[in-house]
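First the proteins, then the strands, lettered A, B, ... as listed; each starts at 1.
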Amino acid sequence: MNEKYNFSEIEKKWQNYWEENQCFKTEEDDSKKKYYCLEMFPYPSGKLHMGHVRNYSIGDVIARFKKMDGYNVLHPMGWDSFGLPAENAAIKHGIHPNIWTWDNIAEMRSQLKQLGLSYDWSREVATCHPDYYKWMQWIFIQFYKRGLAYKKENPVNWCPSCQTVLANEQVVDGCCERCKSPVGKKNLSQWYLKITDYADRLLENLDTLDGWPNKVKIMQKNWIGKSIGAEVDFKIKDSDEILTVFTTRVDTIYGTTYMVLAPEYPSVLSMVEGTEYEKPVKEYIEKVEHMNDIERTSTTNEKTGVFIGKYAINPFTKKEIPIYISDYVLMGYGTGAVMGVPAHDQRDFDFATKFGIDIIPVVDPGDPEIDLNNLKAACAAEGTLINSGEFNGMNNRVAIDKFIELVEKEGIGKKTTNYRLRDWLISRQRYWGTPIPMIYCEDCGWVPEKEENLPVMLPTDVEFTGKGESPLTTSKTFGNTVCPVCGKPAKREMDTMDTFLDSSWYFLRYCDPKNTNAPFDPKKAEYWMNVDQYIGGVEHAILHLMYSRFFQMAFYDMGLVKDEEPFRNLLTQGMVNKDGKKMSKSLGNVVSPEEIIKKYGADTARLFILFAAPPERELDWSDAGVEGSYRFLNRVYRLVYEIKAKYPEVPGAFEIKTEADKSLNYMLNFAIKKVSEDVGGRFSFNTAISSIMELVNEMYKYKESDEVNVGLLGKAVKDLILILSPFVPHICEEMWEHIGQKESVTVMRWPEYDESALVKDTVEIVVQINGKVKEKIMVASDADKQSLEKIALENEKIKALLEGKSVIKVVAVPGRLINIVVK
RNA sequence: GCCGGAGUGGCGGAAUUGGCAGACGCACAGGACUUAAAAUCCUGCGAUCCUUACCGAUCGUACCGGUUCGACCCCGGUCUCCGGCACCA
């Protein structure tokens with residue numbers, strides 16, 4: 001160890017040491033408690049950004065701490081390496097996605113290694129590797145066999161710029177989440193996964209995920225969007241046809257004065273056929289078809305719609321009500337038919353006002369400010385039913401069950417549950433993804449490829465034009481095959497899978513990454529799963545985190561895993577900003593990890609990013625703050641160097657003698673306890689680091705004092721290095737070696753703290769008068785209430801302040817304060 | 001519109017169970033060392049007032065109110081910002 005802190009030399013040295021000695025390689029070991037620490041694996045875009053550094057620094061501190069704390073730690077890393085950017089690079093630069101991707105992986109792997117992260121690289125997986133996607137295909141086939149995968153023609157989200165369909169979850173504010181282009185609709189036959197089968201379990205299990213941020217659970221809850229209501233049949237006048245509506249407000253059914261169908265409602269065309277309404281209805285439908293999601297779902301739009309010339313019969317009032325079609329009713333939710341209750345639903349109110357439809361109030365909230373006969377807006381409040389026949393006078397909420405009972409008895413309806421969640425559309429008209437292992441035979445229909453023929457390899461002879469259909473169609477070798485059932489010539493599916501499938505089970509593959517017989521050995525998965533701590537960005541709150549839960553549940557049902565949930569504990573880290581704004585190329589405020597590592601070293605980068613803010617909060621990058629972290633590491637380095645130079649020999653045993661000894665010993669044990677709790681329990685890395693800083697400050701003072709207890713100081717140096725090592729491992733290895741230790745810090749046990757050192761003989765007690773601090777006194781730490789009260793009241797200053805006042809009450813809290821209440 | 005979360009010095013943040021608000025760090029200011037600078041070390045650093053100074057006083061955790069001996073923390077209301085969902089019947 002040199003006198004000066006040479007981070008680049010030190011970091012290289014220890015990274016090589018870890019690699020050569022396989023310090024982070026992990027095997028199953030029943031004698032040890034396991035700990036699975038997982039960070040969301042990156043898309044190999046080519047360069048690491050600060051968000052990665054934050055994510056992986058957090059995970060590394062936890063993994064290193066748990067290892068030192070005696071756990072058998074699984075800490076893997078890999079690549080979510082299928083996806084559009086590779087293909088776009090191919091279109092733009094003519095590089096094959098395969099080459100582009102693997103080059104990026106090599107680049108990013110080397111950057112991750114430069115950060116000194118404690119990964120077991122022998123378990124590395126890449127989703128674009130045939131060894132991985134073979135099992136992705138196998139999983140798809142199992143899903144298909146269990147009825148969880150199906151093909152269906154439906155109006156789907158189509159991104160005109162990415163030239164592919166998108167899942168609902170990938171449409172944000174009506175735009176493609178990737179390229180932000182407005183998403184349109186197309187009628188296509190596509191593959192779906194039946195995530196809706198799991199809607200209820202995905203929802204119910206959220207309550208068991210105590211280790212998840214509430215925010216994420218609420219987001220998933222909203223996304224699943226369960227609503228309980230009723231379906232009720234409405235007869236059509238002069239027809240045998242019945243229209244079934246879904247409503248959550250069956251209590252307002254007496255107020256139903258019209259009915260609306262989605263423009264796509266199947267029987268609309270036959271109902272208007274040959275009537276004067278056929279033309280306007282068809283025109284309206286066509287207009288709606290040409291709207292994209294943003295236009296169609298805009299709440300600011302005035303309501304539009306067309307009367308279709310038919311009337312339904314309100315089953316309760318028996319009155320004839322007109323039937324309309326309108327784009328505010330969605331075909332994909334409920335039944336596509338809605339009963340219009342203008343008095344108690346704002347959308348219906350707007351529609352009825354525009355089309356001059358009756359507004360009949362049926363719930364009286366008892367609010368004198370609301371004139372029910374002259375409503376200015378819909379009234380959704382709770383109240384008493386009126387204009388509702390036999391239900392009059394009943395509370396409307398109570399009435400819901402009564403209405404349902406009645407419609408069920410009369411056979412015109414039933415209680416139903418609806419979900420906002422839709423089945424997961426997983427076909428993509430792109431090249432760089434897992435081929436869907438399905439084959440279409442004229443005679444046998446869709447059949448899965450034989451399992452022994454997996455993987456269905458991605459062909460290499462394709463053209464990347466960025467237009468039209470899946471690039472796989474341009475391959476001369478790919479499409480033609482034989483039917484696995486009858487052996488006749490047949491065609492392969494040309495679409496690939498959404499990359500979110502790949503990332504929905506990678507955490508299981510890490511448990512058994514080289515398995516050639518199965519995606520993973522259930523026994524190994526049983527040893528390693530659950531993921532004890534999952535760490536990643538909150539932007540995955542819905543997509544990845546819900547899809548993975550769905551996969552895990554499906555695997556559970558297949559008997560492959562023992563827990564329905566993959567991640568019991570989740571930490572969502574905040575974004576890394578600069579000057580209060582998101583780092584972005586267009587703003588020119590990007591700080592690259594490469595640059596920082598070069599200038600200050602990985603340890604400084606890690607320390608700053610962990611110290612600057614609590615993990616779940618946003619972090620503003622500060623160049624001055626980085627300087628501060630760098631200064632601190634230099635300070636620690638000097639401290640250790642100077643102590644070693646001055647006291648080359650450290651006695652093993654020592655006694656605590658002086659007050660200064662006591663004080664340093666207190667700080668040392670306090671810091672060990674604080675770091676253990678902050679890192680092991682509540683992930684409060686910033687406060688853990690600040691307590692280490694305090695210890696370092698104390699050690700500087702102590703080392704210059706008159707009577708240095710070398711044994712104590714030596715122990716402080718050792719423990720300091722150990723508790724600092726999860727944060728800044730390179731410098732700690734170097735210092736550890738320098739003080740004469742033979743083994744790496746990575747195999748050392750986490751130091752224990754001495755509770756007795758934390759007990760002080762005397763403590764400072766605050767004396768308050770009417771809640772305001774007036775005096776601070778030192779008392780024996782075990783002083784009880786009575787003696788505290790006595791000491792306080794006898795204090796000269798307090799006596800003077802109490803002059804002429806009467807003491808009403810004295811509250812004494814041992815170890816903390818005394819509050820004297822006076823008048 | 002609905003559902004969450006947050007609001008503390010010049011700045012990042014701390015206060016873990018209702019008990020000294022501002023730990024730790026940054027920035028800044030003054031001093032030491034130096035021919036000088038950097039680095040390092042020491043001191044100060046919420047506001048206002050009093051004071052030559054020491055000492056001290058009052059106010060202060062977005063705002064208004066409440067509970068309590070005591071509130072950044074609990075309760076009611078208001079404002080602002082951030083996030084999610086949104087014509088889901």
Whether each nucleotide of nucleotides 1-18 of chain B has a protein heavy atom under 4.0 Å at its base (B), only at its sugar-phosphate (S) or at neither (-) is summarised, 5' to 3', as --S--------BSSSB--

Base contacts versus sugar-phosphate-only contacts with protein, heavy atoms under 4.0 Å: please encode nucleotides 67-77 of chain B as B, S and - from 5' to 3'. --BS-------

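Taking atom C1' in both B/C87 and B/G13, one finds a spacing of 43 Å when rounded to whole Å. One P atom belongs to B/G22, the other to B/A86, and the distance between them is 46 Å to the nearest Å. Rounded to whole Å, the P atom of B/G4 lies 27 Å from the corresponding atom of B/U61. Comparing B/G70 with B/G19, their P atoms are spaced 14 Å from each other, to the whole Å. The same atom, C1', is picked in B/G56 and in B/G66; the two are 33 Å apart, to the nearest Å. Here, B/U16 and B/A23 have their C1' atoms 14 Å apart, quoted to the whole Å. Here, B/C45 and B/G25 have their C1' atoms 14 Å apart, quoted to the whole Å. On the P atoms, B/U48 is 31 Å away from B/A39, given to the nearest whole Å.
Within 4.0 Å (heavy atoms only), A/Asn697 reaches sugar-phosphate atoms of the nucleic acid but no base atom. Within 4.0 Å of A/Thr248, counting heavy atoms only, lie sugar-phosphate atoms of the nucleic acid but no base atom. Within 4.0 Å of A/Val538, counting heavy atoms only, lies no atom of the nucleic acid at all.
With values rounded to the nearest 0.5 angstrom, A/Ser684 atom OG is found 6.0 Å from A/Lys674 atom NZ.
For B/G5, the base adopts the anti conformation, since its glycosidic angle falls more than 90 degrees from zero.
Among residues two or more places apart in sequence or in another chain, the side chain to side chain donor-acceptor pair (under 3.5 Å) test is passed with A/Asp210 by none.
The residue among A/Gly628 and A/Lys772 whose nearest nucleotide of RNA chain B is located toward the 5' end is A/Gly628. Mapping A/Phe246 and A/Met693 onto RNA chain B via the closest heavy atom, the residue that lands nearer the 5' end is A/Met693.
Classification of the A/Tyr5-A/Tyr637 ring pair by plane angle, with boundaries at 30° and 60°, yields tilted. Between A/Phe351 and A/Tyr328, the ring-plane angle classifies as tilted under the 30° and 60° cut-offs.
Where pairing requires Watson-Crick or G-U contacts shorter than 3.5 Å, the helical stems of RNA chain B with at least three consecutive pairs are B:1-7 with B:79-85, B:10-12 with B:24-26, B:28-32 with B:40-44, B:46-49 with B:56-59, B:62-66 with B:74-78.
Residue A/Val728 forms a side chain to side chain contact (heavy atoms under 4.5 Å, CB included) with just one option from A/Ile692, A/Val636, A/Leu607, and that option is A/Leu607.
In terms of heavy-atom proximity, A/Ala343 sits nearest to A/Ile360 at CB-O, 3.4 Å.
Contacts of residues 251-261 of chain A with RNA chain B (heavy atom under 4.0 Å): none.
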List, with names and distances, any nitrogen or oxygen atoms from the protein found under 3.5 Å away from nitrogen or oxygen atoms belonging to nucleotides 41-46 of chain B.
{"unit_1": "B/C41", "atom_1": "OP1", "unit_2": "A/Arg635", "atom_2": "NH1", "d": "2.4"}

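Taking the centre of each ring, A/Phe611 and A/Phe632 stay at or above the 6.0 Å mark.
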